[in-house]
Number of protein chains: 2
Amino acid sequence: MTRVAPNSGREGVSLRLMTPVAAPKASRRTPADKHDERRKALAESALRTLGELGYARSSLREIANNSEFSHGVVHYYFNDKLELIVYCVRYYKETCVHRYDGVVAEATSPDDLAERFGDKLVETIVEEAPMHRLWYDLRSQSMFEESLREAVTQIDQSLEDMIARIVDRYATLAGAEPAIAAPVAYGMFDGIFQQALLGHLNGREGALEDLRAQVVGLMPMLLAPAKA
Amino acid sequence: MTRVAPNSGREGVSLRLMTPVAAPKASRRTPADKHDERRKALAESALRTLGELGYARSSLREIANNSEFSHGVVHYYFNDKLELIVYCVRYYKETCVHRYDGVVAEATSPDDLAERFGDKLVETIVEEAPMHRLWYDLRSQSMFEESLREAVTQIDQSLEDMIARIVDRYATLAGAEPAIAAPVAYGMFDGIFQQALLGHLNGREGALEDLRAQVVGLMPMLLAPAKA
DNA sequence: CGCTAATCTTGACGACTGTCAAGATTTCTC
DNA sequence: GAGAAATCTTGACAGTCGTCAAGATTAGCG
């Protein structure tokens with residue numbers, strides 16, 4: 001009698017499709033929805049531990065101890081440790097890729113956009129450093145662990161798109177064209193962001209102010225002269 | 001009778017200083033030197049396993065199995081696993097930071113330098129991808145493990161210096177001044193290099209050619225117009 | 001209420017880990 | 001070549017790990 005977690009397909013969409021969604025207001029809480037909510041609650045708990053200890057040192061028991069669940073329940077909602085962790089990072093990064101949407105929407109000038117962008121980058125390092133280091137940890141692990149690559153590639157792509165939206169908006173506000181392609185822009189910003197995160201975790205004074213200044217100084221260089 | 005590895009001070013310099021170095025040609029092989037050689041041999045074996053499995057999944061037994069040593073000998077030459085791994089990465093990165101010295105010395109024009117640089121970057125990804133992913137792994141781990149930060153910071157600094165030498169030489173050849181500071185340049189190149197490495201490991205066609213083109217295209221943007 | 005299915009807890013398993021110590025083996029020195 | 005020091009092997013230790021299964025508990029429904 002092997003126990004198999006129901007709704008364990010990726011993203012847990014399958015079961016939800018089976019519930020009758022005839023009346024838009026009816027069936028507020030189908031059991032499948034509750035199952036999904038539980039997974040999210042478990043993921044949020046797990047993210048605390050993962051952000052503190054990293055991928056390798058986070059045992060399922062430690063994750064469960066720092067939550068309201070017991071260590072066995074993990075295998076009820078996830079097939080194995082990897083599925084839990086991939087779910088967690090995907091869950092977190094969902095909220096991540098829209099972090100700068102406000103910046104893009106509200107900026108009134110190129111300089112304004114650059115400054116708001118720099119501020120947001122600094123802010124997220126201060127407030128969510130554990131999540132960011134977890135992301136870099138997982139991305140590094142994906143270089144060794146084949147089964148992580150699909151999720152990491154997808155997240156990386158969505159982050160690249162996020163940066164592309166900023167650069168495009170910046171160019172539009174400046175009445176110019178971007179001088180570099182999206183992958184380059186993403187790689188660059190990701191690189192200096194990673195350095196700032198490292199400096200911040202090392203307690204290096206000025207790491208965050210440097211990041212802000214670097215971003216503001218870099219943005220104008222991303223534009224082609226004026227027009228073709 | 002606790003066993004303590006002799007010459008276990010960092011970098012193993014202390015004992016060597018005790019050997020009489022009066023005659024320049026005498027005492028070719030002091031026992032301390034042999035001890036150091038053994039550490040290096042062990043490190044080279046360990047690097048193969050570390051590059052294959054990464055930091056967390058490389059057990060001391062696995063490292064020893066892929067070498068000519070037994071698993072117990074590790075504690076004769078290193079105090080613990082961390083000291084071994086830090087020694088390994090330091091050992092490897094020593095040869096790493098001079099990879100582009102030839103490029104700097106031989107380049108005859110800015111464009112020539114940019115192309116040689118791009119070629120070398122591609123070459124090292126092809127030939128030493130496991131070493132590079134190990135480095136990114138270790139750097140990510142240092143965000144969680146305090147005891148890794150000193151070594152990682154030092155290596156990162158020497159890599160930044162390496163990039164600075166390239167940018168400076170590029171500017172000199174072009175008769176201009178660098179438009180960006182060394183930390184920014186390093187962060188940028190490290191970022192796009194990391195993306196290329198990820199793409200290469202993912203089997204993405206064109207990842208290496210993209211890197212080469214990105215670098216060649218990026219270099220001119222690192223220069224301030226002409227002169228002050 | 002009573003029954004069934006979903007959910008959760010508990011405890012155990014085999015495997016693997018870093019570390020260490022005792023003894024075997026080799027190397028060096030006189 | 002004998003004695004001593006350095007080097008290496010082997011085996012064991014106390015933990016921790018992911019995983020799983022059996023049973024307890026709860027929730028949903030007629």
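In what follows, every chain begins at residue 1, and chains take the letters A, B, ... in the order their sequences are listed.
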Q: Determine, for A:Y87 and A:R39, whether the Lys NZ or Arg CZ falls below 6.0 Å from the six-membered ring centre while staying within 45 degrees of the axis.
A: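 Yes, A:R39 lies over the aromatic ring of A:Y87.
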Q: Within this structure, what is the OH-to-P distance between B:Y77 and C:dC20, rounded to whole angstrom?
A: 18 Å
Q: Give a yes/no on whether any side-chain N or O of A:R38 is located under 4.0 angstrom from OP1 or OP2 of C:dC8.
A: yes
Q: Calculate the interatomic distance between B:H75 atom NE2 and C:dG23 atom P; express it in whole Å.
A: 20 Å
Q: Between P on C:dA21 and CG on B:N79, what's the gap in Å once rounded to a whole number?
A: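 It works out to 13 Å between those atoms.
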Q: Considering just the side-chain nitrogens and oxygens of A:Y76, establish if one lies under 4.0 Å of OP1 or OP2 belonging to C:dC8.
A: no
Q: Between B:S147 and B:L82, is a side-chain contact (heavy atoms from CB on, under 4.5 Å) present by the stated rule, with each step listed?
A: CA-CA 8 Å; B:S147 48; B:L82 232 101; 3.2 Å; yes
Q: So if I take every side-chain heavy atom of B:V73 and compare against D:dT9, C:dC8, D:dT19, which nucleotide ends up nearest?
A: D:dT9
Q: In whole Å, what is the span from the CZ atom of B:R57 to the P atom of C:dC16?
A: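 After rounding, the reported distance stands at 13 Å.
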Q: Run the side chain to side chain donor-acceptor pair (under 3.5 Å) check on A:D190 and A:Y136 step by step: do they pass?
A: CA-CA 10 Å; A:D190 186 60; A:Y136 288 119; 2.8 Å; yes
Q: Are the aromatic ring centres of B:F189 and B:F117 under 6.0 angstrom apart?
A: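 Between B:F189 and B:F117, the centre distance is under 6.0 Å.
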Q: Considering only D:dC8, D:dC17, C:dT17, which nucleotide approaches the side chain of B:R61 most closely?
A: C:dT17
Q: Between C:dA15 atom P and A:K81 atom NZ, what is the distance in whole Å?
A: 19 Å
Q: Any side-chain N or O of A:S59 under 4.0 Å from OP1/OP2 of D:dC17?
A: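 Yes, A:S59 has a side-chain N/O under 4.0 Å of OP1/OP2 on D:dC17.
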Q: How many Å lie between CD1 on A:I63 and C1' on D:dC17, as a whole number?
A: 12 Å
Q: Out of the candidates A:T49, A:L47, A:I85, A:L53, only one should pair with A:L134 under the side chain to side chain contact (heavy atoms under 4.5 Å, CB included) rule; please name it.
A: A:L47
Q: Just the rounded figure in Å: distance from P of C:dG11 to CG of A:L60.
A: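 The distance from CG of A:L60 to P of C:dG11 comes to 18 Å, rounded to the nearest Å.
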Q: How many whole angstroms separate atom NE2 of B:H71 from atom P of C:dT17?
A: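 Result: 11 Å.
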Q: Which nucleotide sits closest to the side chain of A:H35: C:dT7, D:dG18, D:dC8?
A: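 The nucleotide sitting nearest to the side chain is C:dT7.
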